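This structure is a prediction, so every number in the text was calculated from the model and none was measured.
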Amino acid sequence: MKKARQDRQFGRWFAAAAALLLATAAHAQDFPKRPITMIVPFTAGGTSDVIARAVADQMSAALGQSIIIENVGGAGGSTALTRAARAEPDGYTIAIGNAGTNAATYTIYPKLSFTPDSFAPIAVVAKTFGIVALRKDFPAKDLKDFIDYARKNPGKVNLGHAGVGSSNYLICKSFVHAAGIDVQLVGYRGAALALTDAIGSQIDGVCDAAASVSQAIDDKLVKAVVVGSTVRLASLPDLPTSAEAGLPEFEAQGWNGLFAPKGTPPDIIARLNTAARAAVASEAVKKRFADLSTVAPDADELAPDVLQQLVTRDVTKYRTLLADDKK
């Protein structure tokens, strides 16, 4: 009798588990039934925003539903990531992040309400390159001149970025550390605001990704002195790499990736990943990225675990670089 009762209990458990699996599979198969929100941790016009909009347009086509961009600035992206981490894990709220928002932030703001484990990685969607650009009337013609000027005027030069913890902030920190100079780093609520002030000569320059500053460089609104890459950018062929400019220690090759809240069903993550793959493979995104000096990841870089590995690597990396920046 005891065995029969155990068999019945097991049968009920098995039936319940099977029903749950079937329901989850059916839910994922039907996903999405309504628009998806993609949270961008900065104001409109910056690198993350531009990349997000290009990718979202093509993901929408692949999913058959619109993706609504929601810009949530503040605290170097942590305000947005807090909202994303607390969202319902159903695939209808996702976020775009980078090494700043999803790795460095844990060193800068150790008391955050979220951790790397609060998110399920979806895919890397872009590879970016950091640039240091100066106001067009700054008294330096190249990187060497700029470093010499900054060393002769310690603390008097300022460079703008998109907020402490942002990828632009990391470009600034990496550059200043490599150059061995003392400059003021000025935080904004987004990269576009910092660039606007550099164009208007309100600040001396910006640390930014090529995606958001290349047009201003082409239009001669600011003058770039270096890209933290091992190869020149096709869209800015005259801009020297860090090694060519005499500062090989400066490296600023970043990434942008999509994340969902922890607990989002694997089948839905897979559906979003498939849509992300279709987006970065599309001619529309390739063309947009080419215009922005941004590179789409290769097929083998699009698996969710690749994004997870980047987060793990960069959390460790920025613990050292940003040891003095804890809030």
Side-chain angles (χ1 to χ4, degrees), residues 40-52 71-81 95-109 126-135 146 157-179 181 183-200 202-217 221-229 233 236 239 242 250-257 292-294 310 314 317-318 321-322 325 327:
V40 177
F42 304 102
T43 55
T47 304
S48 294
D49 179 69
V50 173
I51 290 172
N71 296 94
V72 182
S78 60
T79 301
L81 270 292
I96 190 167
N98 54 44
T101 60
N102 289 77
T105 191
Y106 302 113
T107 294
I108 299 169
Y109 303 103
K127 295 187 287 187
T128 60
F129 305 92
I131 288 175
V132 177
L134 308 176
R135 55 183 167 86
F146 174 67
V157 176
N158 50 56
L159 295 173
H161 57 81
V164 174
S166 67
S167 61
N168 294 6
Y169 178 71
L170 302 183
I171 295 169
C172 274
K173 290 290 286 189
S174 298
F175 171 67
V176 169
H177 182 265
I181 54 178
V183 303
Q184 296 183 52
L185 301 184
V186 183
Y188 288 78
R189 288 181 64 83
L193 299 175
L195 180 57
T196 297
D197 272 6
I199 291 171
Q202 302 302 308
I203 55 175
D204 293 317
V206 291
C207 305
D208 209 340
S212 55
V213 76
S214 56
Q215 188 60 57
I217 295 169
L221 299 174
V222 293
K223 55 183 178 183
V225 290
V226 66
V227 56
S229 171
L233 303 181
L236 297 168
L239 180 60
S242 49
F250 174 49
E251 180 183 344
Q253 299 185 55
W255 51 266
N256 283 83
L292 298 169
S293 301
T294 298
L310 288 173
D314 286 349
K317 173 182 176 181
Y318 290 114
L321 183 63
L322 305 174
D325 286 1
K327 298 295 183 184

Problem set entry | Residue pair L321, S174: steps toward the side-chain contact (heavy atoms from CB on, under 4.5 Å) verdict | CA-CA 8 Å; L321 183 63; S174 298; 3.6 Å; yes
Seminar exercise, completed: Separation between CD1 (I199) and CG (L195), nearest 0.5 Å, reads 4.0 Å
Exercise. side-chain contact (heavy atoms from CB on, under 4.5 Å) between L134 and D204: does it pass, once the steps are laid out?
Worked result: CA-CA 6 Å; L134 308 176; D204 293 317; 5.6 Å; no
Problem set entry | CA sep, side-chain torsions, deciding dist, call: Y318, I108, side-chain contact (heavy atoms from CB on, under 4.5 Å) | CA-CA 9 Å; Y318 290 114; I108 299 169; over 6 Å; no
Exercise. Roughly how far apart are C207 SG and L159 CG, rounded to 0.5 Å?
Worked result: 4.5 Å
Exercise. Run the side-chain contact (heavy atoms from CB on, under 4.5 Å) check on L322 and L170 step by step: do they pass?
Worked result: CA-CA 9 Å; L322 305 174; L170 302 183; 3.7 Å; yes
Exercise. According to the interplanar angle, ranging from 0 to 90°, do the rings of F146 and F175 count as parallel (below 30°), tilted (30 to 60°) or perpendicular (above 60°)?
Worked result: parallel
Problem set entry | Nearest non-hydrogen partners of A209 and T47, listed with the distance | CB-OG1, 3.2 Å
Exercise. CG of L81 to CD1 of I96: how many Å apart, nearest 0.5 Å?
Worked result: 11.5 Å
Problem set entry | Rounded distance [0.5 Å steps], CZ in F129 versus CD1 in I131 | 10.0 Å
Problem set entry | Side chain proximity check, T128 to I51, heavy atoms < 4.5 angstrom | yes
Exercise. How long is the span from the CZ atom in R135 to the CG atom in L221, to the nearest 0.5 Å?
Worked result: 14.5 Å
If you look only at distance, which donor and acceptor atoms sit under 3.5 Å apart when one is on a side chain in residues 183-192 and the other is two or more places apart or in another chain?
residue : atom : partner : partner atom : Å
Q184    : NE2  : G155    : O            : 2.7
Y188    : OH   : D197    : OD2          : 2.7
R189    : NH2  : G73     : O            : 3.4

Exercise. Between T294 and A211, which heavy-atom pair has the shortest distance, and what is it?
Worked result: OG1-CB, 3.4 Å
For this session: Taking T79 for its side chain and G74 for its backbone only, find out whether a donor-acceptor pair lies under 3.5 Å.
Result: yes
Seminar exercise, completed: Value for CG (L193) from NE2 (H161), rounded to nearest 0.5 Å, stands at 12.5 Å
For this session: Could you tell me which non-hydrogen atom of V206 sits nearest to which non-hydrogen atom of A198, and how far apart they are?
Result: CG1-CB, 3.8 Å
Exercise. Is the backbone N or O of T101 less than 3.5 Å from a side-chain atom of N98, with the two atoms forming a donor-acceptor pair by type?
Worked result: yes
Exercise. Within the side chain of N168, is there an N or O that forms a donor-acceptor pair under 3.5 Å with the backbone of D208?
Worked result: no
Exercise. Between A162 and F42, which heavy-atom pair has the shortest distance, and what is it?
Worked result: O-CE2, 3.6 Å
Problem set entry | Heavy-atom check, side chain of D49 versus side chain of T43, under 4.5 Å | no
Seminar exercise, completed: Minimal heavy-atom distance between G160 and C172, with the atoms involved, is O-SG, 4.1 Å
For this session: State whether the side chain of S242 and the backbone N or O of F250 hold a donor-acceptor pair below 3.5 Å, judged by distance alone.
Result: yes
For this session: Check for a donor-acceptor pair, side chain of T105 on one end and backbone N or O of N102 on the other, with a separation under 3.5 Å.
Result: no
Problem set entry | Option among I217, V227, V213 that satisfies the side chain to side chain contact (heavy atoms under 4.5 Å, CB included) test with L236 | I217
